[in-house]
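Everything below concerns the one structure shown next.
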Number of protein chains: 2
Amino acid sequence: MAKPQDRQLVEQWRSIQTTYFHTAGALERALESKFSIGLTEFEILDLVAESTDAACRMKQLGERTPMTQSAMSKVVDRLDKAGLISRQSCADDRRSLFLELTDAGRALHRQAAIEHRALLRENLGKY
Amino acid sequence: MAKPQDRQLVEQWRSIQTTYFHTAGALERALESKFSIGLTEFEILDLVAESTDAACRMKQLGERTPMTQSAMSKVVDRLDKAGLISRQSCADDRRSLFLELTDAGRALHRQAAIEHRALLRENLGKY
DNA sequence: TGTCATTCAATGACGTGTCATATAAGTTGT
DNA sequence: ACAACTTATATGACACGTCATTGAATGACA
């Protein structure tokens, strides 16, 4: 009871939580106020932007983030409606969707990424 | 553009996110299925349980978690309704609330903490 | 080819977190 | 003792994530 290893484990976990919450909060607020997008929206843009291959991506993207399939679907939907991304059905498997940044999406991502990196630099390791 | 330090920063951030989401998810599911409480509920129980001093605590608790004041209020409300915690107004400052585990709360926390620590041990450093 | 199982994405019901605000109590200065 | 300000908690509107399910396309195999 109250084993020291347990205490250390709990401390470690709380430290991760703190870092995560504060950093995510800072990112959220900055992206929302300056670019009118949420953090999850940005993260999808970021993943699509750095994706080089032209595979059917919706699925693969899911493998690169801890987001749920359901969450991804909704975020992508919002991005689509905002005109930042386009969804095109895949020729070889019509269940899949191919994602692509629009020009607006690419432009916004370029700006937002600068802010994003700066905030990461500022926040990570701060707590 | 695509500076290597930026890449590293992003990697670090994603790693934190992954650890956070997977661990929190595992905790959530286990606590919910075995004890019918959410992770945030457990975290409040945990904080109250380890709190030694008899100060008016609602406020102080807020300083020990990244949770919002609003979120805390609602979580404590649920815990109260579930009969796991009791809120008593402070004599010296009637705005403040003094939190205390009920017997049921203490019993549940004792069991749940074992599960919680085990899952932390299993998950942290896994990703 | 027809059936059954599997996979990809979207959706609806629901819970919980956030922001802004309300309520109530305490504090300060006059 | 009265305003004006500050602090502690609660609450309502709203947004977003989750789970379970659906719809549609594919695969496997007799």
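In this text the structure is predicted, and so the values were computed from the model without any measurement. In what follows, every chain begins at residue 1, and chains take the letters A, B, ... in the order their sequences are listed.
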When you check the phosphate oxygens OP1 and OP2 of D/dT11, does a side-chain N or O of B/S73 lie under 4.0 Å from one of them?
-> no

Using the six-membered ring wherever Trp is involved, compare the ring planes of B/F42 and B/H116 and label them parallel, tilted or perpendicular (cut-offs 30° and 60°).
-> tilted

Distance, rounded to the nearest Å, where B/Y20 contributes OH and C/dG17 contributes C1' = 11 Å

Please report, rounded to the nearest Å, how far the C1' atom of D/dT11 is from the CD atom of B/Q69.
-> 10 Å

Counterpart residues, ring-ring contact (aromatic ring centres under 6.0 Å, His included), relative to A/F35 (two or more places apart) = none

Sugar-phosphate, base or nothing in reach of A/S96, heavy atoms under 4.0 Å = sugar-phosphate

Can you figure out which of C/dA10, C/dG17, D/dT18 approaches the side chain of A/L97 most closely?
-> C/dA10

Electrostatic pair B/K59:B/D93 at N-O distance under 4.0 angstrom = no

Residue met sooner reading DNA chain D from 5', once A/R94 and A/P66 are mapped to nucleotides = A/P66

Take the protein atom CE of A/M67 and the nucleotide atom C1' of D/dG17, then report the distance between them rounded to whole Å.
-> 11 Å

Between A/R87 and C/dA9, is there a side-chain N or O to OP1/OP2 distance below 4.0 Å?
-> no

Closest nucleotide among D/dA25, D/dA10, D/dC16 to the A/R78 side chain = D/dC16

A/E50 atom CD: more than 12 heavy-atom contacts under 6.0 Å = yes

Whole-Å distance separating the CE atom of B/M72 from the P atom of C/dT16 | 16 Å

Select one nucleotide: of C/dA25, D/dG17, D/dT9, the one nearest the side-chain heavy atoms of B/D93.
-> C/dA25

Distance below 4.0 Å between B/K74 side-chain N/O and C/dT16 OP1 or OP2 | no

d(CD, B/E28; P, C/dG15) in whole Å = 14 Å

In terms of side-chain heavy atoms of A/S70, which of C/dA9, D/dA20, D/dA25 is nearest?
-> D/dA20

Taken to the nearest whole Å, CG/B/D92 to C1'/C/dT27 is 15 Å

What's the NZ-P distance between A/K59 and D/dT26, to the nearest Å?
-> 16 Å

Salt-bridge criterion met for A/E43 and A/R64 (N-O under 4.0 Å) = no

Protein-nucleotide distance (A/M58, atom CE; C/dT7, atom P), rounded to Å | 17 Å

Confirm from the modelled atom types if A/R95 and C/dT7 form a donor-acceptor pair under 3.5 Å, side chain to base only.
-> yes

Pick the nucleotide of DNA chain D nearest each of B/R29 and A/G38; which residue has the one closer to the 5' end?
-> A/G38

